[in-house]
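For ligands, and for the atoms within them, numbers begin at 1 and follow the listed sequence.
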Amino acid sequence: MKPTVAAFPATRLRRLRRTPSIRAMVQETALTPADFIWPVFVRDGEGIEEPIPSMPGVVRRSVDLIGQAARDAQALGIPAICLFPYTDPSKKTEDCAEAWNPDNLSNRATRAIKAAAPDIAVMTDVALDPYNINGHDGFVEDGVIVNDRTVEALVKQALSQAEAGVDIIGPSDMMDGRIGALRSALESAGHSDVLLLSYAAKYASGFYGPFRDAVGASGALKGDKSTYQMNPANTDEALRLIERDLQEGADMIMVKPGMPYLDICRRAKETFAAPTFAYQVSGEYAMLQAASQNGWLDGDKVILESLMAFKRAGCDGILTYFAPAAAKLMGG
Ligand code: PBG
């Protein structure tokens, strides 16, 4: 539908922008703390909050501090936390067995959050990279990232997360067939209420660099992830992946990275009308923080503006390291 606009001066569009209350009345999109999923890094030890140099303002927390972080997030109105483990290099192996250890960092952190703040939703990541000696999301055989054997391992990883009590499982690995395999394994194991938020359209992006520092995968990674993550030049392929994952049993889908891929968010929401999330990734966070710290950008302003852009593009929510800061800016 094309908006009707009478000729000037019958129409003066600035009338609608004259005062704050008029602007508020005609605002089309809203951002609230309920739109956020907060990604949090966990590590071993006690009483540790360790800064991540390439993500100023973000820390790795020891498991004993994660409950308080969850209570703080809940008090700010943030509905979900997403856990990422910084696994001790000595626990990284070729067979990635730490990924389904019931007492691994991710599972211990899940239980700690459930004990401290039972109402906040816990999301975990399904992919082998934090546990893999070579930094890849899947098993590597003769230099090739193999699909089907990886999916079997992802199922074990997801079941151990479900046992620990997670609400949402986020497969970020981009293997084929994993959503169907995870969904049927969860059903058979009595975890039929666990949600799958598929990283369906995940691009092979340079914007993940600081995250790989945060989980200690940067040094380990050999080669790149282009044989499983998407080519940044493609958009139809994103729709095929999203449709496939929804048909296999994904409850929600994600586009990642965020800001450089808002066109994909818009197409995804318009095509499938499914719960659609974007991940404002570590590199996006680092760029905005670096420029703000240099006084080149007004940090408070660009945090909220960048997050509003996702809502405007059709997203239902955003994974963002800014979640607590943004919630505070919104008066939460
Ligand atoms: C890996 C994973 C990545 C991120 C989330 N899960 C990195 C990658 O694919 O290399 C990136 C998140 C970010 O950059 O903030 N399974």
Side-chain angles (χ1 to χ4, degrees), residues 36-42 52-60 80-87 92 96 98-99 104-106 123-140 145 147 150-151 153-154 157-158 161 166 168-175 178-179 182 196-232 241 253-261 277-290 306-307 310 318-323:
F36 301 148
I37 297 174
W38 181 28
V40 166
F41 299 105
V42 284
I52 300 157
S54 54
M55 299 182 74
V58 175
V59 297
R60 302 184 189 108
I81 281 189
C82 181
L83 293 169
F84 291 102
Y86 170 78
T87 304
K92 298 188 189 205
C96 306
E98 183 64 10
N104 70 17
L105 269 175
S106 173
M123 172 171 167
T124 44
D125 199 65
V126 163
L128 301 181
D129 54 325
Y131 312 99
N132 207 344
I133 195 132
N134 52 55
H136 275 290
D137 293 19
F139 290 127
V140 183
I145 291 86
N147 195 90
T150 298
V151 171
L154 300 174
Q157 182 181 19
Q161 295 172 352
V166 302
I168 307 166
I169 287 177
S172 71
D173 54 281
M174 290 293 280
M175 297 298 121
R178 90 274 205 220
I179 298 297
L182 292 171
L196 289 174
L197 169 43
S198 174
Y199 289 61
K202 176 172 178 180
Y203 287 84
S205 172
F207 288 99
Y208 307 148
F211 172 95
R212 292 178 191 165
D213 297 340
V215 298
S218 307
L221 185 62
K222 296 185 188 79
D224 65 23
K225 300 192 176 184
S226 318
T227 68
Y228 45 109
Q229 300 180 347
M230 281 181 70
N231 178 348
L241 285 160
I253 59 95
M254 193 200 298
V255 174
K256 177 185 178 191
M259 207 145 76
Y261 297 88
F277 291 77
Y279 199 142
Q280 183 181 51
V281 299
S282 56
E284 299 175 66
Y285 174 89
M287 286 194 303
L288 295 177
Q289 284 295 76
S306 68
L307 293 169
F310 294 108
I318 310 127
L319 284 91
T320 175
Y321 302 98
F322 287 121

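- Under the 4.0 angstrom criterion for non-hydrogen atoms, Glu284 is not in contact with ligand 1.
- Considering only non-hydrogen protein atoms, atom 14 (O) of ligand 1 sits nearest to Ser282 OG, 2.7 Å.
- The ligand atoms of ligand 1 that sit less than 4.0 angstrom from a heavy atom of Arg212 are 8 (C), 10 (O).
- For Phe41 and Phe211, the gap between ring centers is short of 6.0 Å.
- The shortest side-chain heavy-atom distance between Leu197 and Ile37 falls under the 4.5 Å cut-off.
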Under the side-chain hydrogen bond (donor to acceptor under 3.5 Å, both in side chains) criterion, do Glu98 and Thr87 qualify, and how do the steps go?
CA-CA 9 Å; Glu98 183 64 10; Thr87 304; over 6 Å; no
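- Ranking the protein heavy atoms by distance from atom 16 (N) of ligand 1 puts Ser172 OG, 2.7 Å first.
- Below 4.0 Å from some heavy atom of Lys225 lie the following atoms of ligand 1, by number and element: 8 (C), 9 (O), 10 (O).
- Listed for the Asn132 side chain is a donor-acceptor partner under 3.5 Å among the backbone atoms of Gly138.
- The contact set between ligand 1 and Lys256, taken as ligand atoms under 4.0 Å from a residue heavy atom, comprises 2 (C), 3 (C), 4 (C), 5 (C), 6 (N), 11 (C), 12 (C).
- Taking the centre and axis of the six-membered ring of Tyr208, the NZ or CZ atom of Lys225 falls outside the cone set by 45° and 6.0 Å.
- Close contacts of ligand 1 with Asp125, meaning ligand atoms under 4.0 Å from a residue heavy atom, involve 6 (N), 16 (N).
- Atom 2 (C) of ligand 1 has Lys202 NZ, 3.2 Å as its closest protein atom, hydrogens excluded (heavy atom only).
- A donor and an acceptor atom, one from each side chain of Asn104 and Ser106, are nowhere located under 3.5 Å apart.
- Residue Asp137 has at least one heavy-atom neighbour below 4.0 Å for each of these atoms of ligand 1: 1 (C), 16 (N).
- Remark: ligand 1 atoms within the under-4.0 Å shell around heavy atoms of Ala127 are 16 (N).
- Interface atoms of ligand 1 facing Tyr321, defined by a heavy-atom separation under 4.0 Å, are 12 (C), 13 (C), 15 (O).
- Nearest protein heavy-atom contact of atom 12 (C) of ligand 1 is Phe211 CD1, 3.3 Å.
- For ligand 1 and Tyr279, the ligand atoms under 4.0 Å from any heavy atom of the residue are 12 (C), 15 (O).
- Protein heavy atom in closest approach to atom 1 (C) of ligand 1: Asp129 OD2, 2.9 Å.
- Taking the side chain as every heavy atom from C-beta outward, Ile318 and Phe36 approach each other to under 4.5 Å.
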